[in-house]
*Asks:* 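Below you will find the structure I want to go over with you.
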Amino acid sequence: LQTPFLSLSLQAKMSRPVQAQRLEGIDKNIWVEFVKLAATYSTVNLGQGFPDFPPPDFLKEAFVRALSVENYMLHQYTRAFGHPPLVKILAQFFGKLLGRDLDPMTNVMVTVGAYQALFCCFQAFVDEGDEVIIIEPCFDCYEPMVKMAGGTPVFVPLRPKAPKDGKLMSSADWQLDPAELSSKFSKRTKAIVLNSPNNPLGKVFSRGELELIADLCVKHDILCISDEVYEWLVYDGKEHIRIASLQGMWDRTVIIGSAGKTFSATGWKVGWTVGPDRLLQHLRTVHQNSVYHCATVAQEAVAQGFQRELELYGKPESYFVQLPKELQQKRDWLVQSLDAVGMKPIIPEGTYFLVADISEFKSDVPDVPNSDEPYDSRFAKWMVKNKGLAAIPLSAFYCGSHKNNYDHFIRFCFAKEEATLKAANDILQKWKREKTSP
Ligand code: PMP
């Protein structure tokens with residue numbers, strides 16, 4: 001039965017636009033699609049970046065202790081800008097790394113993962129019309145977050161240079177062109193996003209590269225949003241250099257970190273920002289008007305994890321020493337598996353990730369000329385459906401106009417149990433046999 005009143009109100013509802021304009025063009029998200037595909041088809045998932053092994057025992061035990069202590073206050077709200085024990089130990093730890101005294105209350109803020117830290121930065125610093133320089137390939141949320149804040153992302157790609165003498169390429173072979181980078185800075189530039197070690201390439205920016213970026217930031221008076229979530233995952237004796245430690249950079253840099261990557265507990269979603277109060281005060285404004293509190297128990301456990309790591313700093317028992325060693329070995333296994341089948345790996349200097357060149361597999365998944373979808377995306381979908389192996393197309397880490405320049409690579413995550421990597425190797429070997437047998 002329809003009353004005239006009901007049909008009128010329905011009509012009114014249908015004709016009113018519901019979507020805020022700032023969401024235009026950012027509604028698609030690669031992860032929603034690829035996570036679903038991996039869940040449906042994959043037997044081996046080297047797609048999304050999370051370990052399939054547990055966090056260290058000391059961290060799990062700290063969580064259980066925090067849950068079960070008499071102090072029921074750990075089940076309640078804590079300080080909005082960070083649980084006091086966590087901001088205190090982070091100030092101590094990062095103070096030591098940066099060689100400066102940090103005030104836990106003003107130089108550190110805890111967030112819901114590094115993701116929320118990034119969101120706070122863009123909301124706090126970017127105005128309508130501001131430009132933000134983003135180095136590609138990049139973690140894919142930077143672009144929509146800049147746009148949601150009303151800013152304009154300006155992309156500058158790392159340029160690959162093939163190594164001589166037929167060696168495998170390294171992430172270090174992907175470099176910024178200094179002239180190209182400097183041409184992106186203008187009066188409209190407000191900030192640059194730096195992600196070292198970089199997702200997806202695993203590039204660890206060298207001191208020289210960081211100095212180039214730092215000099216441009218100082219010259220043009222620009223902020224640096226430094227996403228360092230993979231700071232402990234650096235291989236082959238390479239050093240992670242914090243851009244905030246370079247001359248003139250502390251006052252203009254926000255360092256972003258994540259307990260997810262630091263302690264192999266991505267589901268806890270504990271992240272943080274470290275920086276000068278003149279910048280963090282504005283992050284606090286965004287935080288207090290959006291998320292406000294982060295889970296107390298998880299913060300307490302992470303605080304205890306850092307306490308342990310501070311005591312063991314640089315010692316062989318330290319998790320920050322052990323984890324990169326284990327991951328380096330996993331990286332090497334995957335490099336070997338991929339190299340053996342002709343899916344050329346780009347050896348990463350850091351992170352969970354390895355990018356591989358799929359050019360030699362083009363005959364298996366023929367190109368569709370003039371398709372809107374980049375080749376690597378179709379390849380990754382075909383691979384998960386037909387081979388049961390999930391990976392992420394590299395084009396997902398480029399803006400719309402650069403996607404097709406980098407469409408013959410896929411990204412694997414090697415932060416996985418030995419058995420998972422072995423299963424991936426079996427798939428690749430079988431595939432290779434099928435390719436070569438007549
Ligand atoms: N930055 C980078 C470069 C990342 O790869 C990730 C996670 N994949 C994040 C930030 C988000 O970290 P979190 O899980 O702590 O929110």
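Positions are given from 1 along the sequence. Being a predicted model, the structure only gives us computed values, none of them experimental. In listed order, ligands and their atoms are each counted from 1.
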*Asks:* Hey, can you tell me if Tyr142 and Phe139 have their rings parallel, tilted or perpendicular (30° and 60° cut-offs)?
*Replies:*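 Ring orientation of Tyr142 relative to Phe139: perpendicular.
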*Asks:* Quick one, Phe361 and Trp431 - any side-chain contact, counting heavy atoms below 4.5 Å?
*Replies:*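 Contact flag for Phe361/Trp431 side chains = yes.
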*Asks:* Among Asp227, Asn195, Val229, Val193, which residue places a heavy atom closest to atom 1 (N) of ligand 1?
*Replies:*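 Among Asp227, Asn195, Val229, Val193, the closest heavy atom to atom 1 (N) of ligand 1 comes from Asp227.
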*Asks:* Atom 14 (O) of ligand 1: which protein heavy atom is closest, and how many Å away?
*Replies:*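 For atom 14 (O) of ligand 1, the nearest protein heavy atom is Lys269 NZ, 3.6 Å.
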*Asks:* Do the side chain of Thr273 and the main chain of Ile255 share a donor and acceptor less than 3.5 angstrom apart?
*Replies:*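 Such a contact is absent between Thr273 side chain and Ile255 backbone.
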*Asks:* Would you call Arg308 and Tyr319 a side-chain contact if the rule is heavy atoms closer than 4.5 Å?
*Replies:*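 The answer is yes, as the side chains (C-beta and beyond) meet within the 4.5 Å cut-off.
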*Asks:* Considering only protein heavy atoms, which is closest to atom 5 (O) of ligand 1, and at what distance to one decimal place?
*Replies:*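 Scanning the protein heavy atoms, the shortest distance from atom 5 (O) of ligand 1 goes to Tyr230 OH, 2.6 Å.
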*Asks:* What residue and heavy atom of the protein are closest to atom 13 (P) of ligand 1, and at what distance?
*Replies:*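 Nearest protein contact, heavy atoms only, for atom 13 (P) of ligand 1 is Ala114 N, 3.4 Å.
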*Asks:* Salt bridge (charged side-chain N to carboxylate O under 4.0 Å, His left out) for Arg242 and Glu231? Distances and angles first, verdict last.
*Replies:* CA-CA 9 Å; Arg242 293 175 173 77; Glu231 61 192 320; 2.7 Å; yes
*Asks:* Looking only at protein heavy atoms, which one is nearest to atom 9 (C) of ligand 1, and what is the separation?
*Replies:*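 Checked against all protein heavy atoms, atom 9 (C) of ligand 1 sits closest to Phe139 CE2, 3.4 Å.
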*Asks:* Output yes when the distance from some N or O of ligand 1 to some N or O of Phe353 is under 3.5 Å, and no in every other case.
*Replies:*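 Checking ligand 1 against Phe353, no N or O pair falls under 3.5 Å apart.
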*Asks:* Distance under 4.0 Å to a non-hydrogen atom of Ser258: what atoms of ligand 1 satisfy this?
*Replies:*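 So the answer, numbered in order with elements, is 13 (P), 15 (O).
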*Asks:* Which heavy atom of the protein is the closest neighbour of atom 8 (N) of ligand 1, given with residue, atom name and distance?
*Replies:*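 Answer for atom 8 (N) of ligand 1: Lys261 NZ, 2.9 Å.
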